[in-house]
Amino acid sequence: MASKQFEKFDWHTLGDITLGRSNLGQSMPVIVYRLMQYTVIAELRSRYGEDEANDIIRSAGFRAGVAFAQNVLEPTNDFSTYIANLQLKLKELSIGILRIEKADLDKLDIVLTVSEDLDCSGLPVTDDTVCVYDEGFIGGIFYDFTGKIFNVREIDCWATGDRTCRFVAKVDEA
C-alpha cells in the first residue's frame with residue numbers, strides 16, 4: 001500500500017536531507033540517480049507504452065520544475081536575472097550547464113542548451129533523444145516565471161551523438 005504522503009507532491013516531502021544524511025551528505029554519484037530514473041522509465045514504458053509513459057515522465061518533470069523554481073530560485077520579473085539565477089543553481093546542484101541560444105520574449109520562443117546534463121551526458125549513441133523528464137522540468141520552470149504553458153521538446157541530445165542537449169521552448173497555443 002502506497003504512503004499517503006506521496007500521493008500529492010509537496011517540496012517538504014523531500015525531507016531534511018542534512019538531518020537524515022549527517023554522514024553521507026547531499027552528494028551521490030550520477031549513476032545512482034540514473035539507475036533509479038531509467039528503471040522507472042523502463043517500467044512505465046513496459047506497462048503503458050512509450051507515448052503514455054513519456055507523457056507521465058514529462059508531467060513529473062513539469063511538477064518538479066515548478067517546485068524547483070518556487071523553492072530554489074529567487075523571485076524576479078526580469079528574465080535575464082531569472083536565467084542567471086537558474087544557470088547558477090543548475091550548476092551548483094550539478095544538474096547541468098545552461099545556455100540560452102535564443103530568446104524572443106515577445107513570442108515566448110526560447111532555444112536553450114544544457115551541457116553535462118544529469119540525465120544523458122555520457123550515454124551511448126542510440127539516435128533517440130532521451131531527456132523527456134527535462135522537457136517537463138524546463139517547461140515547469142518557464143511556467144513558474146511566465147504563468148504560461150510551454151511546449152518544450154529536445155532536438156539534440158548526447159544520445160543522438162551531440163555533446164549538448166538542445167531544447168526548443170514555445171508557448172503552447174492550444
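We number each residue from 1, following the sequence as shown.
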Atom of Y82, atom of E74 and distance for their closest heavy-atom approach: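 For Y82 versus E74, the nearest heavy atoms are CD1-O, 4.3 Å.
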Is there side-chain contact between [X] and [Y], with heavy atoms separated by less than 4.5 Å?
{"X": "K89", "Y": "L86", "result": "no"}
{"X": "E135", "Y": "F167", "result": "yes"}
{"X": "W11", "Y": "V66", "result": "no"}

Could you tell me whether a side-chain N or O of [X] sits under 3.5 Å from a main-chain N or O of [Y], the two making a donor and an acceptor?
{"X": "T164", "Y": "V114", "result": "yes"}
{"X": "T146", "Y": "F142", "result": "yes"}
{"X": "E154", "Y": "V132", "result": "no"}
{"X": "Q87", "Y": "L98", "result": "yes"}
{"X": "T39", "Y": "L35", "result": "yes"}
{"X": "D16", "Y": "T18", "result": "yes"}
{"X": "D162", "Y": "W158", "result": "no"}

Surrounding [atom1] of [X] (heavy atoms of other residues, nucleotides or ligands, distance under 6.0 Å), is the total greater than 12?
{"X": "D104", "atom1": "CG", "value": "yes"}
{"X": "I31", "atom1": "CD1", "value": "no"}
{"X": "Y48", "atom1": "OH", "value": "no"}
{"X": "F68", "atom1": "CZ", "value": "yes"}

Pairing donors with acceptors under 3.5 angstrom, does anything connect the side chains of N23 and R21? no
Can you tell me how far the [atom1] atom of [X] sits from the [atom2] atom of [Y], to the nearest 0.5 Å?
{"X": "D117", "Y": "I95", "atom1": "CG", "atom2": "CD1", "answer": "9.5 Å"}
{"X": "E50", "Y": "D128", "atom1": "CD", "atom2": "CG", "answer": "7.0 Å"}
{"X": "D127", "Y": "C157", "atom1": "CG", "atom2": "SG", "answer": "10.5 Å"}
{"X": "C165", "Y": "D156", "atom1": "SG", "atom2": "CG", "answer": "8.5 Å"}
{"X": "D144", "Y": "I141", "atom1": "CG", "atom2": "CD1", "answer": "8.5 Å"}
{"X": "I56", "Y": "L44", "atom1": "CD1", "atom2": "CG", "answer": "5.5 Å"}

Go through L118 and S94 one step at a time and tell me if the side chain to side chain contact (heavy atoms under 4.5 Å, CB included) criterion holds. CA-CA 7 Å; L118 183 61; S94 301; over 6 Å; no
Between [X] and [Y], does at least one N-O distance fall below 4.0 Å, as a salt bridge requires?
{"X": "R45", "Y": "E43", "result": "no"}
{"X": "R166", "Y": "E101", "result": "yes"}
{"X": "D119", "Y": "R34", "result": "no"}

Give the C-alpha distance, both sets of side-chain angles, the deciding distance and a yes or no for ring-ring contact (aromatic ring centres under 6.0 Å, His included) between F150 and Y143. CA-CA 7 Å; F150 279 75; Y143 173 80; 8.9 Å; no
Between F79 and I110, is a side chain to side chain contact (heavy atoms under 4.5 Å, CB included) present by the stated rule, with each step listed? CA-CA 12 Å; F79 183 76; I110 302 166; 4.1 Å; yes
Which is it for S80 and D78 under the side chain to side chain donor-acceptor pair (under 3.5 Å) test, yes or no, and what are the steps along the way? CA-CA 6 Å; S80 295; D78 180 67; 4.5 Å; no
Could you go through the side chain to side chain contact (heavy atoms under 4.5 Å, CB included) check for V152 and V168 one step at a time? CA-CA 6 Å; V152 179; V168 173; over 6 Å; no
Do the side chains of [X] and [Y] join up, straight or via other hydrophobic residues, at under 4.5 Å, putting them in one cluster?
{"X": "L88", "Y": "L93", "value": "no"}
{"X": "I83", "Y": "V111", "value": "no"}
{"X": "V32", "Y": "I17", "value": "no"}
{"X": "I57", "Y": "M36", "value": "yes"}
{"X": "F145", "Y": "F62", "value": "no"}

Check the angle between the aromatic planes of Y133 and F137 and answer parallel, tilted or perpendicular using the 30° and 60° thresholds.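 The arrangement is parallel - the two ring planes meet at less than 30°.
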Report the C-alpha separation of T129 and I155 in whole Å, then their side-chain angles, then the decisive distance to 0.1 Å, and conclude whether the side chain to side chain contact (heavy atoms under 4.5 Å, CB included) test is met. CA-CA 7 Å; T129 58; I155 58 171; over 6 Å; no
